[in-house]
Amino acid sequence: MSAVSESTVPSSKTSLLGWLAALWGVAGFSFILMQSILRLTPYALALQEQTLALWHWPILISWVAFMGVTEGYRGFQKAFSPRFAARAAWLRHSPGLVRGLLAPFFCMGFFGATRKRKIVAWALTSGIIVLIVIVRSLPQPWRGIIDAGVVVGLSWGLLSVWWFAIKALILNQPTADPELGALAESHAPLAA
């Protein structure tokens with residue numbers, strides 16, 4: 001986790017609008033993840049109705065473990081969730097109208113971020129959309145196997161987003177550099 005620079009630490013002044021924007025950021029993104037989890041879970045559970053060959057089981061177990069580690073732990077817990085929470089905490093102190101209305105997307109890094117963060121956010125989202133289209137066309141048990149791993153990764157991710165949001169918004173503990181880019185420079189007077 002990179003150090004939090006002084007230019008990205010907002011002032012201690014918090015408004016109701018700031019709190020609403022930060023909470024909307026967390027709630028909106030949570031809704032997106034929960035909707036994905038709820039849509040994919042039936043396909044994963046449909047594996048119970050399938051007669052899996054003996055060789056399907058090691059693939060299922062390996063895939064679920066792989067997705068838990070790569071998507072849940074490394075992707076969300078170690079990278080995305082701390083930064084997401086840091087951006088929500090920054091938003092709490094500097095909401096603005098557009099950032100407040102689009103808080104889930106601001107916290108995800110689609111705008112108001114460093115160039116690298118925006119590229120990563122857009123590229124990752126585009127890649128996920130392409131994978132969704134491909135996986136939808138797979139027959140069972142392959143779709144269920146893939147979706148089981150994705151559900152584990154997304155569930156871990158959702159829990160880690162909530163954990164880091166609590167740390168950043170309620171316990172006021174820095175979680176990561178929010179990677180604000182030019183936005184941090186334009187709000188430098190807010191630094192404590």
- request: Go through I37 and L158 one step at a time and tell me if the side chain to side chain contact (heavy atoms under 4.5 Å, CB included) criterion holds.
  value: CA-CA 10 Å; I37 292 166; L158 181 60; 4.2 Å; yes
- prompt: Who are the side-chain contact (heavy atoms from CB on, under 4.5 Å) partners of Q173, not counting sequence neighbours?
  reply: K167, L171
F84 vs F29, ring-ring contact (aromatic ring centres under 6.0 Å, His included): CA-CA, chis, key distance, verdict: CA-CA 10 Å; F84 180 93; F29 182 69; 5.0 Å; yes
query: Are a donor atom and an acceptor atom from the side chains of S30 and W162 found within less than 3.5 Å of each other?
result: yes
field: For the student: nearest non-hydrogen atoms of G68 and V152, plus distance
entry: CA-CG1, 4.0 Å
query: Quick one: does T175's side chain have a donor or acceptor within less than 3.5 Å of a partner on P82's backbone?
result: yes
task: Return yes if some donor-acceptor pair links the side-chain N/O of R99 with the main-chain N/O of P95 below 3.5 Å, else return no.
output: yes
- request: Give, for atom OG of S160 and atom CZ of F164, the distance between the pair rounded to the nearest 0.5 Å.
  value: 6.5 Å
message: Could you report the tightest heavy-atom contact between L138 and R143, atom names first, then the distance?
response: O-CB, 3.6 Å
- request: Decide yes or no for L47 and I145: does some side-chain heavy atom of the first lie under 4.5 Å from some side-chain heavy atom of the second?
  value: yes
message: I'd like to check L45 versus Q48 (side-chain heavy atoms, cut-off strictly below 4.5 Å). Are they in contact?
response: yes
- prompt: Applying the 4.5 Å side-chain criterion to the ILVMFWY set and letting contacts propagate, would V69 and V64 be lumped into a single cluster?
  reply: no
query: If every non-hydrogen atom of P104 is compared with every non-hydrogen atom of G28, which pair is closest and at what distance?
result: CG-CA, 3.7 Å
query: Say you draw a straight line from CE of M67 to OG of S155; how long is it, rounded to the nearest 0.5 Å?
result: 11.0 Å
- request: Could you pull out the closest heavy-atom pair between F106 and G112, with the gap in Å?
  value: CE1-O, 3.8 Å
Spatial distance of atom CZ (F66) from atom CD (E71) [nearest 0.5 Å]: 9.5 Å
From NZ (K118) to NZ (K116), nearest 0.5 Å: 14.5 Å
statement: What one should report as the nearest heavy-atom pair of L169 and A89 is CD2-CA, 3.6 Å
- request: Look at the side chain of R92 and the backbone N and O of A88, then say whether any donor-acceptor pair between them is shorter than 3.5 Å.
  value: no
- prompt: Once the angle between the rings of W122 and F110 is folded into 0 to 90°, is it parallel (under 30°), tilted (30 to 60°) or perpendicular (over 60°)?
  reply: perpendicular
Spacing of L159 atom CG and L154 atom CG [to the nearest 0.5 Å]: 11.0 Å
message: side chain to side chain contact (heavy atoms under 4.5 Å, CB included), that's the test. Do L91 and C107 meet it? Break it down for me.
response: CA-CA 8 Å; L91 187 60; C107 293; 4.1 Å; yes
- prompt: Cluster question for you: counting only ILVMFWY and a side-chain heavy-atom cut-off of under 4.5 Å, with indirect links fine, are M34 and F105 together?
  reply: yes
- prompt: Are the side chain of H93 and the backbone of W90 linked by a donor-acceptor contact shorter than 3.5 Å?
  reply: no
- line: Q140 and Y43 have their tightest heavy-atom pair at NE2-O, 3.0 Å
- request: Just do the side chain to side chain contact (heavy atoms under 4.5 Å, CB included) check on V120 and R117 with the steps written out, would you?
  value: CA-CA 5 Å; V120 168; R117 181 58 37 217; 3.4 Å; yes
task: Begin from the C-alpha positions of F76 and L33 and carry the test side chain to side chain contact (heavy atoms under 4.5 Å, CB included) through to its verdict.
output: CA-CA 12 Å; F76 275 100; L33 282 186; 4.1 Å; yes
message: Whether the side chain of Q35 engages the backbone of R39 through a donor-acceptor N/O pair (distance < 3.5 Å, no angle test) should be reported.
response: no
field: Approximate separation, where rounding is to 0.5 Å, of L124 CG and F80 CZ
entry: 8.5 Å
- prompt: Is it the case that one hydrophobic cluster holds both W142 and W57, taking links as side-chain heavy atoms less than 4.5 Å apart, direct or via other members?
  reply: yes
field: Check: W156/Q77 side-chain N/O donor and acceptor closer than 3.5 Å
entry: yes
message: For a 4.5 angstrom cut-off between non-hydrogen side-chain atoms, does W24 reach L101?
response: no
field: S137 side-chain N/O to I134 backbone N/O, donor-acceptor pair under 3.5 Å
entry: yes
task: Report whether W55 and I146 are members of the same hydrophobic cluster (ILVMFWY, side-chain heavy atoms less than 4.5 Å apart, transitive linking).
output: yes
message: Other residues, nucleotides and ligands only: do more than 12 of their heavy atoms fall within 6.0 Å of OH on Y73?
response: no
query: Do side-chain atoms of R87 reach the backbone of E179 as a donor and acceptor pair under 3.5 angstrom?
result: yes
